[in-house]
Amino acid sequence: MRPTALVLRALGLGDLLTGVPALRAIARALPDHHRVLAAPAALAELVALVDVPGTSGAVIHEVADHRGLASLPERLHGPDVAVNLHGKGPQSHAALRATRPGRLVGFADPATHPDGPPWRAGEHEVARWCRMLAAHGIACDRAELRIAAPPAPPDSRVRGATVVHPGAASGARRWPAERWAAVAHAEAATGRTVLLTGGADERELAQRVAAAAGLADDAVLAGRTSLRELAAVVAAAARVVSGDTGVAHLATALGTPSVVLFGPTAPTEWGPPADDGQHVVLWAGRTGDPHAAEPDPGLLALGVDEVNATLARLP
């Protein structure tokens with residue numbers, strides 16, 4: 001019977017993609033293990049696009065539907081190795097310890113897990129998990145962010161288009177709709193096809209942006225694509241412009257040039273690789289509450305002209 005490795009990262013799209021180098025490191029370190037990722041089931045179709053470079057093997061063999069810090073189901077109990085890519089503890093450590101793993105890999109926590117490196121506030125999310133694994137003897141290359149592109153979508157308009165993604169999980173990271181509309185209008189005025197993406201709950205926002213930009217209704221893809229189809233759109237597009245959200249990480253993972261608007265969170269924590277000229281960060285240099293309901297003042301300090309000029313300079 002194969003040994004099992006259970007990895008906890010029950011978070012969102014951006015969290016999955018920033019964790020790709022760590023997942024690859026675990027796969028290399030535990031090649032004979034059946035590797036299970038406890039994460040939202042919707043992410044499974046993207047997890048399938050992550051391989052171990054130089055091999056034909058999958059990084060993860062199974063995605064077990066899980067969110068947050070709820071108790072892990074009985075069927076996942078008894079792993080030979082449990083890896084905490086979710087948080088610093090104590091709650092995430094406790095959730096994994098309850099599965100009675102043979103070994104727990106994670107950050108140090110005095111109450112639940114003294115064996116591990118210390119957590120560092122402000123560390124880049126990609127570097128954080130690579131450092132944690134390295135402290136446990138698992139080599140990790142933080143540059144291994146790329147994933148395979150899905151087959152191109154059947155919509156021929158996508159090839160070479162500008163993707164505008166106006167939504168974000170919190171109001172603090174949402175640039176105003178009228179500014180997104182101005183950017184979309186300017187891109188369309190150059191002769192480029194402009195498409196608006198988002199989840200089902202962002203469709204109304206995307207429709208408002210499209211209407212204000214003078215775009216046709218069929219420019220709105222928000223709410224009409226699965227996660228894998230969204231990845232195919234981003235992969236085929238010429239450029240992506242978005243806030244600090246999962247689609248920005250998707251552009252990085254697929255190598256599509258992008259402009260990312262940062263507000264309450266520093267790009268040194270969640271931004272694309274600093275040495276990659278394809279991805280440009282705009283940030284006013286101020287931080288705030290990333291969970292606030294209203295747009296962050298630092299985000300509002302970014303103007304339409306600045307975004308348009310940056311888009312014009314993309315590869």
Side-chain angles (χ1 to χ4, degrees), residues 11-15 17-18 120-128 142 145 162-190 192 194 196-199 202 205-206 208-210 212-213 222 234 237-253 256-315:
L11 299 163
L13 173 60
D15 305 278
L17 295 171
T18 53
R120 294 176 186 164
E123 188 171 16
H124 194 283
E125 187 70 5
V126 177
R128 166 176 288 136
R142 61 178 293 181
L145 287 163
T162 296
V163 168
V164 177
H165 189 91
S170 66
R173 292 187 282 128
R174 288 190 209 114
W175 209 41
E178 62 271 17
R179 298 194 194 184
W180 284 120
V183 168
H185 177 77
E187 280 291 286
T190 68
R192 298 188 182 99
V194 178
L196 291 119
T197 57
E202 295 168 331
L205 168 62
R208 280 194 288 120
V209 171
V234 170
R239 57 189 60 200
V240 173
V241 55
S242 74
D244 169 24
T245 189
V247 166
H249 297 287
L250 204 50
T252 298
T256 301
S258 65
V259 175
V260 188
L261 283 60
F262 273 79
T265 303
T268 51
E269 295 182 39
W270 284 93
D275 57 352
D276 190 337
Q278 289 202 112
H279 308 288
V280 183
V281 165
L282 297 180
W283 184 48
R286 299 155 61 178
T287 58
D289 179 3
H291 306 294
E294 298 300 321
D296 183 79
L299 183 62
L300 293 177
L302 303 176
V304 170
D305 289 345
E306 182 180 9
V307 175
N308 286 337
T310 306
L311 277 168
R313 293 194 298 270
L314 278 184

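Here, residue 1 is the first one in the sequence, and each next residue gets the next number.
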Quick check against the 3.5 Å criterion: does [X] have a side-chain atom that pairs as donor or acceptor with the backbone of [Y]?
X	Y	value
T287	A266	no
W283	L261	no
R173	T265	no
T252	P272	no
H124	G271	yes
R174	A168	yes
R286	D296	no
N308	D305	no

For a quick test of reading the model, state the closest non-hydrogen atom pair linking [X] to [Y] and the distance between them.
X	Y	answer
A213	A184	CB-CB, 3.9 Å
A284	L302	N-CD2, 4.1 Å
P264	A172	CD-O, 3.6 Å
V280	L314	CG2-CD2, 3.9 Å
L205	A177	CD1-CB, 3.8 Å
L300	P295	CD2-CB, 3.8 Å

Is there a side-chain contact between [X] and [Y] (heavy atoms, below 4.5 Å)?
X	Y	value
T245	W270	no
S242	V163	no
L196	E202	no
T18	H249	yes
W175	V183	yes

(request) List in chain and number order the residues that pass salt bridge (Lys or Arg N to Asp or Glu O under 4.0 Å) with R192, two or more places apart in sequence or in another chain; answer none if no residue qualifies. (result) E187

(request) Give, for atom CH2 of W180 and atom CZ of R208, the distance between the pair rounded to the nearest 0.5 Å. (result) 13.5 Å

(request) Mind checking the OG1-CZ spacing from T310 to R313? Nearest 0.5 Å is all I need. (result) 4.5 Å

(message) Looking at E306, I want to see if its CD is surrounded by more than 12 non-hydrogen atoms of other residues, nucleotides or ligands under 6.0 Å.
(response) yes

(request) Show your reasoning for whether side chain to side chain contact (heavy atoms under 4.5 Å, CB included) applies to H279 and V260. (result) CA-CA 8 Å; H279 308 288; V260 188; 5.7 Å; no

(request) Answer yes if the side chains of T197 and H165 hold a donor-acceptor pair under 3.5 Å, and no otherwise. (result) yes

